[in-house]
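In what follows, residues are counted from 1 in the order of the sequence shown.
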Amino acid sequence: MRILVIRNNSNPKAIDASALLNAYLSSQGVDWVCVDAGSLESVSGRESVRRTCGTSFDLAVALGGDGTMLRTAHLLAPDDVPILGVNFGNLGFLSNANDNGVIAPVAAALAGEAAVECRANLRIDVVCEGCVDPWADEATGAADAAADAVDADDDEKGPQEFFALNELALTRGANGRIIDIELGISGSHVMDVRGDGLVVSTATGSTAYALSAGGPLVAPGFQGLVVVPVAPHSLCSRAIVTAAGDVVEIGLDEDGVYRKATLFVDGEMLSFDRLVRRIYVRKGDRPTRLLRVGGKTFYDRASEVFF
């Protein structure tokens, strides 16, 4: 048995809890590794942790708030490792309450007494200007033209793939201009949106940015996506809830003035050398497994926090 402990080092309560947990795991003869959640804020940081600590873990324990849970999910996205969160933050929608301390929920998880929640996540494919779009370019015969526009030594000839547990947020850039967005779902044009941006979230992310933008609360077991326009310059734009197998297709206006958008995945800003051309968002192939030990239901927590 090998356990990865992710700790928010800026939270004194999480630090104290990790000391208790480490003593308990050592007394049980369990091999464990402790990592600062702050080291997981970037792709390079996560790659460094994976190189240092390896990937063969039976369980991950996240001590902190929902941000710590998200960073843990990003670290373990390529692996099928269950995540047990113990909340030492504010909302704690992704983690378990710390009412009974940290030892009880971990002991329950080790004994196989924790319920498993299979949460849908996002696979995000971003196509930049001059790069080949394998879904659109083949259909239009423009693949060769797009490939010719890419420098010979450029590695970014196709889409760049990203993971998110909560959401993709497409927002207006630093110049403050509104952006024009073409929204399609599974090959059908749905609407053109002009405004501050667009959020595509999972059910898990429905309590985060999507909620603030006017989206619905969605039960965590739902496998589809939630699409919410952000401050649309319209009287008729509404949130859309998709089926589990749908693909959300986002295109940006051809005028570069309206294409300087910024992309965030779970609050982490993405950086590109070229303007973003199209974005495809779908449910990830492998769910994120969160462990739940007793406590309140999703509706109990939603009632207390939002109502």
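- Between the D192 side chain and the E182 main chain, no donor and acceptor come within less than 3.5 Å of each other.
- Panel note: side chain S237, backbone S234; no donor-acceptor pair is recorded below 3.5 Å.
- Under the 4.5 Å side-chain heavy-atom criterion for grouping Ile, Leu, Val, Met, Phe, Trp and Tyr, F264 is not connected to L270 through any hydrophobic cluster.
- A salt bridge does not link D80 to R286: none of the charged nitrogens lies less than 4.0 Å from a carboxylate oxygen.
- A salt bridge links R172 with D196; the closest basic N to acidic carboxylate O contact falls under 4.0 Å.
- Outside the 6.0 Å centre-distance limit, the rings of Y299 and F307 are not counted as a close aromatic pair.
- Separation of atoms CZ (R71) and OG (S39) is listed at 9.0 Å; rounding is to 0.5 Å.
- For the pair N98 (side chain) and N87 (backbone), a donor-acceptor distance under 3.5 Å is present.
- Put simply, CD1 on I6 and OG1 on T68 are 9.0 Å apart, with the number rounded to the nearest 0.5 Å.
- Residues K13 and N11 share a closest heavy-atom pair of N-OD1, 3.0 Å.
- Between R50 and D79 there is a salt bridge, since at least one side-chain N of the basic residue sits less than 4.0 Å from a carboxylate O of the acidic one.
- A donor-acceptor pair is defined here as one N or O able to donate and one able to accept, closer than 3.5 Å; no such pair exists between the side chain of S48 and the backbone of G45.
- In this structure, E249 does not pair ionically with R282, as no charged nitrogen and carboxylate oxygen lie closer than 4.0 Å.
- Here I250 contributes atom CD1 and L252 contributes atom CG; the two are 8.0 Å apart, rounded to the nearest 0.5 Å.
- Judged purely by distance below 3.5 Å, without hydrogens or angles, the side chains of D300 and S303 never pair a donor atom with an acceptor atom.
- In this structure, the separation between SG on C128 and CG on L275 is 8.0 Å, given to the nearest 0.5 Å.
- Of all the heavy atoms in R278 and G251, the pair that sits closest is NH1-CA, 3.7 Å.
- Here the side chain of T204 pairs no donor or acceptor atom with the backbone of L165 at under 3.5 angstrom.
- Here the closest non-hydrogen pair linking A109 and L291 is CB-CD1, 4.0 Å.
- Using a 4.0 Å cut-off between charged nitrogen and carboxylate oxygen, R292 and E117 count as a salt-bridge pair.
- Between the N96 side chain and the V293 main chain, a donor and an acceptor come within less than 3.5 Å of each other.
- Between F306 and F93, the ring-plane angle classifies as parallel under the 30° and 60° cut-offs.
- Follow the hydrophobic side-chain contacts under 4.5 Å out from I181 and you never reach Y209; the two are in separate clusters.
- Linking ILVMFWY residues whenever their side-chain heavy atoms come closer than 4.5 Å, directly or via other members, places Y24 and L63 in the same cluster.
- Among T288, N121, D266, the one residue that satisfies the side chain to side chain donor-acceptor pair (under 3.5 Å) test with H74 is D266.
- Minimum heavy-atom separation, A120 to Q223: CB-OE1, 3.7 Å.
- Here the shortest heavy-atom pairing between P216 and A239 reads CD-CB, 4.1 Å.
- Atom OG of S10 and atom CD1 of I15 lie 7.5 Å apart (nearest 0.5 Å).
- In plain terms, the two heavy atoms of A73 and F163 that are nearest each other are O-CE2, 3.8 Å.
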